[in-house]
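In what follows, a single structure is set out as structure tokens and then discussed.
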Amino acid sequence: MNRDYATGVARAFGGALLFSLPILMTMETWSLGFAMDRFRLIALMLALLPVLVGLAYYSGFEDTTLLADAVLDAFVAITVTTAMAAALLSIFGVLDRNADANEWIGKIAVQAVPGSIGALLAQSQFGVRGEEQRKRREGGDFGEYFFMCAGALFLAANIAPTEEVVVIAHKMSPWQTLLLALLSLGIMHLFVYAAGFRGQHERPQDRTFAHVFAKFSLNGYLLAALISVFICWAFGRLDGMSIEESVQTVVVLGLPAAIGAASARLVL
Amino acid sequence: MEWILGGIGAVLFLSAIAFLTVEGLRGDDRPDAISFRVEEIIPTNDAFLVRYSAQNSGTQTLADLQVRAEVFDGTTVVDEAEGTLDFLPGQSQRSGGFYLREDPRKYRLEIRAEGYQEP
């Protein structure tokens, strides 16, 4: 066993822990684990896999060059997250001895979404920079959109399990909903182009503001909103809701999704 | 090493999908009867503590399950207590307790479920 690899795995544990702690310690995620529709949970897991492979490909916890390596890394991230989530949930006493396998698998699988993303992000967050920086540049537009989706999925999955998303949607008037959608879009643009974070993007000289805004921020918000719809659906947040309420809920979850998407373009 | 960890991950992932598919194909979750069992009765200073377990024989998860214990002397209720179980997942077991003033061992104790929410 090579020492660098062990360091990489340890870092992955750290990443998984850091990124999944908020939902590991949120009660609603435990009950979602067994209460949510089985096929929607499968859909969530299947959606996660390409995201993990992509993340591993662009910035995994090893210097990944081949797609096969990226697939391998994605599964390593799943192992690490499963071990971490199973251990912590047992210590928390959340994995009941009397419960059936269905409940255990569900509870752990819900944690796998942020955890395994975190395990793979650990490299770009805490690891050495350089190689993956170069790789991301090669990703081009597809890479940018991919990272936005991954970031949106991560932050939306973190917040969607809480009751507050629906509560906020109930409290908002249609005007407030519209304002929130515009605000999310604006924040998204500012995050990437104006806030001066490390990794900030410069608007290319030959492109107008409108072009860049439409290409990344508007499209990005659209992607974030779609991810928000998917996550809301997966967690059963839209079941039995009117169209109006569903839109409000999606916009509420769209805020973290948009910020996740925007910050992913910076940090990943 | 990475092949071992990656292999475990692939097995975990695929078996979870397979398991969930089987669970999902069993059809819609159905609520069914809940059976209660008195685990033990502990006399405390000012009450009799009845520890019970509830077994959900349906596949539907029940949220906010209202549980009531009644102590009967013949057909007369001499004592009663209410409780709530936050969640009782399908085919699973959860435990709780009632504090009763009357000694339920001297009378007939009945525990039953009254209502729940679908989560």
Side-chain angles (χ1 to χ4, degrees), chain A residues 1-3 5-6 8-9 12 27-28 30-46 48-49 52 56 61-62 64 68-69 71-83 86 96-109 112 116 119 236 239-240, chain B residues 1-32 34-37 39 51-65 84-97 116-119:
Chain A
M1 177 168 119
N2 108 29
R3 207 186 130 88
Y5 191 75
V9 171
M27 201 164 79
E28 288 94 330
W30 311 333
S31 46
L32 269 175
F34 54 79
M36 75 188 276
D37 184 84
R38 300 292 93 180
F39 290 114
R40 295 187 195 189
L41 182 54
I42 293 173
L44 190 64
M45 292 169 71
L46 290 178
L48 178 68
L49 197 58
L52 294 181
F61 54 88
E62 255 196 313
T64 309
D69 283 339
V71 174
L72 188 62
D73 274 0
F75 282 119
V76 172
I78 289 174
T79 308
V80 165
T81 309
T82 307
D96 202 314
R97 269 181 297 113
N98 294 327
D100 68 348
N102 196 17
E103 190 177 332
W104 280 50
I105 290 173
K107 278 180 176 169
I108 294 172
S116 48
D239 293 2
Chain B
M1 182 65 186
E2 62 211 277
W3 284 103
I4 299 172
L5 287 178
I8 295 172
V11 170
L12 285 174
F13 186 81
L14 294 175
S15 49
I17 298 264
F19 182 86
L20 291 171
T21 306
V22 172
E23 285 288 318
L25 287 176
R26 281 202 322 205
D28 280 347
D29 286 342
R30 308 265 330 149
D32 205 335
I34 297 164
S35 45
F36 291 94
R37 205 177 69 200
E39 297 290 345
R51 288 190 56 232
Y52 68 90
S53 63
Q55 170 76 39
N56 183 354
S57 46
T59 47
Q60 164 87 52
T61 294
L62 311 177
D64 283 330
L65 182 71
T84 307
L85 291 175
D86 268 355
F87 278 102
L88 181 56
Q91 306 285 336
S92 292
Q93 192 182 315
R94 287 285 188 275
S95 306
Y116 66 90
Q117 269 188 34
E118 293 187 4

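Naming convention: chains lettered A, B, ... in sequence-line order (proteins, then strands); numbering from 1 in each chain. For the numbers below, each heavy atom of this structure counts, side chains included, while hydrogens, waters and symmetry mates do not.
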How long is the span from the [atom1] atom in [X] to the [atom2] atom in [Y], to the nearest 0.5 Å?
X       : Y        : atom1 : atom2 : value
B:Arg26 : A:Asn102 : CZ    : CG    : 7.0 Å
A:Ile78 : B:Ile8   : CD1   : CD1   : 12.5 Å
B:Leu88 : A:Phe34  : CG    : CZ    : 9.0 Å

Heavy atoms only: give me the nearest [X]-[Y] pair and the separation to one decimal.
X        : Y       : answer
B:Gly6   : A:Phe75 : O-CB, 3.2 Å
B:Leu5   : A:Thr79 : O-OG1, 2.6 Å
A:Ile105 : B:Ala16 : CG2-CB, 4.1 Å

Is it the side chain or the backbone of B:Leu25 that comes within 4.5 Å of chain A heavy atoms, both, or neither?
-> both
Please look at B:Thr21 and chain A and tell me whether the side chain, the backbone, both or neither of the residue comes under 4.5 angstrom of a heavy atom of that chain.
-> both
Which bit of A:Ala101 is near chain B, if near means a heavy-atom gap under 4.5 Å: side chain, backbone, both or neither?
-> both
Checking heavy atoms, do the side chain of A:Leu72, its backbone, both or neither come under 4.5 Å from chain B?
-> both
Determine yes or no for a side-chain-to-main-chain donor-acceptor pair under 3.5 angstrom, with B:Thr61 supplying the side chain and A:Ala35 the backbone.
-> no
Can you check whether B:Leu20 reaches A:Met45 side chain to side chain, under 4.5 Å on heavy atoms?
-> yes
For B:Phe19, enumerate each residue passing the ring-ring contact (aromatic ring centres under 6.0 Å, His included) test, keeping only those at least two apart in sequence or located in another chain.
-> none
